[in-house]
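The chains referred to below are lettered A, B, ... by the order of the sequence lines, with proteins before strands, and numbering in each begins at 1. What you see is a predicted model, and the numbers here were worked out from it, not measured in a lab.
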Amino acid sequence: MKKRFRSQPGPLAVFYAILVYIFLYLPVAVVIVFSFNTSERNIVFQGFTLSWYKTMFSNSELMWAFRNTLIVAAVSTAVSTVLGTLCAVGMQRFEFKLKKAFNSALYIPIVIPELVFGVAFLAFFSLVHVDMSMATLIISHVTFSMPFVEVTVRSRLSGMDPSIREAAMDLGAGEVHTFFRVILPTISPAVISGAMLALTLSLDDVVVSYFTAGPNSETLPLMIMGMVKKGISPDVNALSTLMILGTFFILFFSTRIQRKLENS
Amino acid sequence: MEDKKIIVRLRGVVKRFDGDVVVNHLDLDIREGEFLTVLGPSGCGKTTTLRMLAGFETPDEGTVELEGKDVVGIPPNERDVNTVFQNYALFPHMTIEDNIAFGLVEKKVPKKEIRERVQEMVKLVRLEGMEKRKPSQLSGGQKQRVAIARALINNPKILLLDEPLGALDLKLRKQMQQELKYLQKKLGITFLYVTHDQEEALLMSDRIVVMHDGRVEQIGTPEEVYNHPKTKYVAEFIGASNLLEGYVTEIEGGRMTFSFEFGKINLKSRGFKMEEMFYLCVRPENLRMSQCPVEHFHIRGRVTEVVFAGSVNRTFVRLVNGQVLRAESQPDVEIYPVGTLVYVYWNPDKCSFLHTQEDQIYDVIEEEIDKTLEEEANVSIDDVLPSE
Ligand SMILES: Nc1ncnc2c1ncn2[C@@H]1O[C@H](COP(=O)(O)OP(=O)(O)OP(=O)(O)O)[C@@H](O)[C@H]1O
Ligand SMILES: [Mg+2]
């Protein structure tokens, strides 16, 4: 019954749709295909091999960068999710002087060019004499991903009926219980969306990381950028393929969790 | 009722929002176990008053006492007061059971006892079999019952209900009115009920507080408020009224003469002074008409309109000064056709006197009369009454 007003697409619409998807996925497909190419050059496909994956895994530098990326992404996602969520709840909950100004101050980092952000971190950390390290890298990632979490959670909160919070307090729950028993379960899908955003932002960040990573904390994106300077080698293709696969899994599971939360 | 303990005492409570006075020096006593209704038009400060009792708003002035203890500054979760919100405010991620148990879990009541009391409540509000459902799977009436059960399970000192039936259709509303009244009687919990539906208020309450512009206009039993309104506002707001403005012109032998622009009446003296001005309020169902003069009443008018309104006949009578009175009579009472010259009278016990005070004259009412006049502008006053 629901589909009554929907008709089958015409041939032109199908053609157009195919074009769109080719446009979106052809470059990605090329990377994946050439990661299995026996030739070292990304020009013709000569034969199938898994050797680039082997090269990649035996590349200890690459593995170290992979480890760094995971640590930075995990820690910065966790920290920015907690901070961003609390920030959103506080912003929603309280009225105070200059609230509008504080509010916009949260959104500005989203629009500031990343390059400016990177330079700012460089200037700041050298001013306070802090050497770049994993810690500075994590701090910078938290800084640029937290506003995204805040915005995501905030929009969910503003759609939430305020009397639900009041009902919890009315029934004897203090601020902490109200948050954990009522508010958090209601906004959890948004918290997960926010966390996913933070995760993907951190995983592929190059610009800010370029300025804030220490000598020992190079991440995968930084490393790939370095490798590409010497021409694209097939092990970079292999690495990219694995990253695409990883992203796909994260996306798949997070949507599943979200859907489950939404339905409950 | 009079000797019942007072459990809530509001004194001189003032609440302002951005400089606007929303609640204006409110005094209110709520007695233990009573069903008290706050009745008033939209925006008169009913919800704000309730929220100050629940602890969601802090009064700018005055005291709020709960069982003799000043509770200003005490957060909602530490007050023995529960609220039923207009939009139910159920927790969407919890089952009905968990919603109802919420307050007891907060109080760390043993699990077994929680289960038993939830079962009891579920039975009381007739929601058996729905325990495992989520709020989104319930109808409006069922949601309302969950909201009530969720509040009542905590045995509050007083239950605050903010237009709990506002979102329900008429039939369900009537049914829930009875259920609520029954629950209140059965559990003996004090109810503070907010509504702007005067019929609902008259039907359910032990006492009614009529609020207007953040002030209490009158507090009394439904009977008192309806039959003996103290202000012109109350008279107009609750039910329809005929308001006749006049003053005492003669006091003699235990009787007094009351004169209007359109005639006079002679009543038993009530200790009024000469020249004292009043509004006389007569309910439409108490207004009678006759074709012959009635002793002590010297008011004449002409029938301008007769409306058959199902259970009653509504007759409009136009007086010499143009004022139109409204009378309602049972279908078995003889009605006079349009154009008939009639004498208007009523049972002197069935009217009330309202002191005329400058600040109690409301433009709205004047406007209404003007409108009625306009509608009948084609009839000039000369047509209404032949010159005598
Ligand atoms: N948080 C607030 N901030 C500013 N003004 C408010 C606030 N809450 C209420 N008001 C104002 O106070 C006045 C009284 O509001 P209140 O909600 O108490 O009215 P009410 O009697 O419950 O009306 P209704 O029958 O429409 O629910 C209204 O004019 C409203 O706009
Ligand atoms: Mg209200």
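- Within 6.0 Å of CZ on A/Phe248 lie no more than 12 heavy atoms contributed by other residues, nucleotides or ligands.
- In this structure, chain A has a heavy atom under 4.5 Å from the backbone of B/Val81, while its side chain stays farther away.
- The residue among B/Gln86, B/Met94, B/Arg51 with the most heavy atom pairs within less than 4.5 Å of chain A is B/Arg51.
- Other residues, nucleotides and ligands contribute only 12 or fewer heavy atoms inside 6.0 Å of the CD atom of B/Gln178.
- With a threshold of 4.5 angstrom between heavy atoms, A/Arg181 approaches chain B through its backbone and through its side chain.
- The environment of A/Leu19 atom CG is dense: over 12 non-hydrogen atoms of other residues, nucleotides or ligands sit within 6.0 angstrom.
- Heavy-atom distances place both the backbone and the side chain of B/Asn82 under 4.5 Å from chain A.
- Counting non-hydrogen atoms of other residues, nucleotides and ligands closer than 6.0 Å to CZ of A/Phe66 gives a total of 12 or fewer.
- When the shell of 6.0 Å around CZ of A/Phe15 is examined, it contains 12 or fewer heavy atoms from other residues, nucleotides or ligands.
- Using a 4.5 Å cut-off between heavy atoms, B/Ile153 does not touch chain A at all.
- With a 6.0 Å radius and a threshold of 12 heavy atoms from other residues, nucleotides or ligands, A/Lys99 has its NZ atom above the threshold.
- Using a 4.5 Å cut-off between heavy atoms, B/Phe85 touches chain A through its side chain atoms alone.
- Rounding to the nearest 0.5 angstrom, the gap separating the OH atom in B/Tyr88 from the CD1 atom in A/Ile164 is 13.5 Å.
- Closest heavy-atom contact between B/Phe102 and A/Val182: CE1-CG2, 3.6 Å.
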Start with the C-alpha gap between A/Leu171 and B/Glu106, add the side-chain angles, then the distance that decides, and say whether side chain to side chain contact (heavy atoms under 4.5 Å, CB included) holds.
-> CA-CA 8 Å; A/Leu171 293 166; B/Glu106 281 305 320; 5.8 Å; no
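- Comparing B/Asn154, B/Val105, B/Leu90 by heavy-atom pairs within less than 4.5 Å of chain A, the highest count is held by B/Val105.
- Within 6.0 Å of OH in A/Tyr107 there are more than 12 heavy atoms belonging to other residues, nucleotides or ligands.
- For B/Lys107, the NZ atom sits in a packed shell: over 12 heavy atoms of surrounding residues, nucleotides or ligands are nearer than 6.0 Å.
- Heavy atoms of A/Asp170 lying under 4.5 Å from chain B belong to its backbone as well as its side chain.
- Across all non-hydrogen atoms, the minimal contact from B/His93 to A/Thr186 is ND1-OG1, 3.9 Å.
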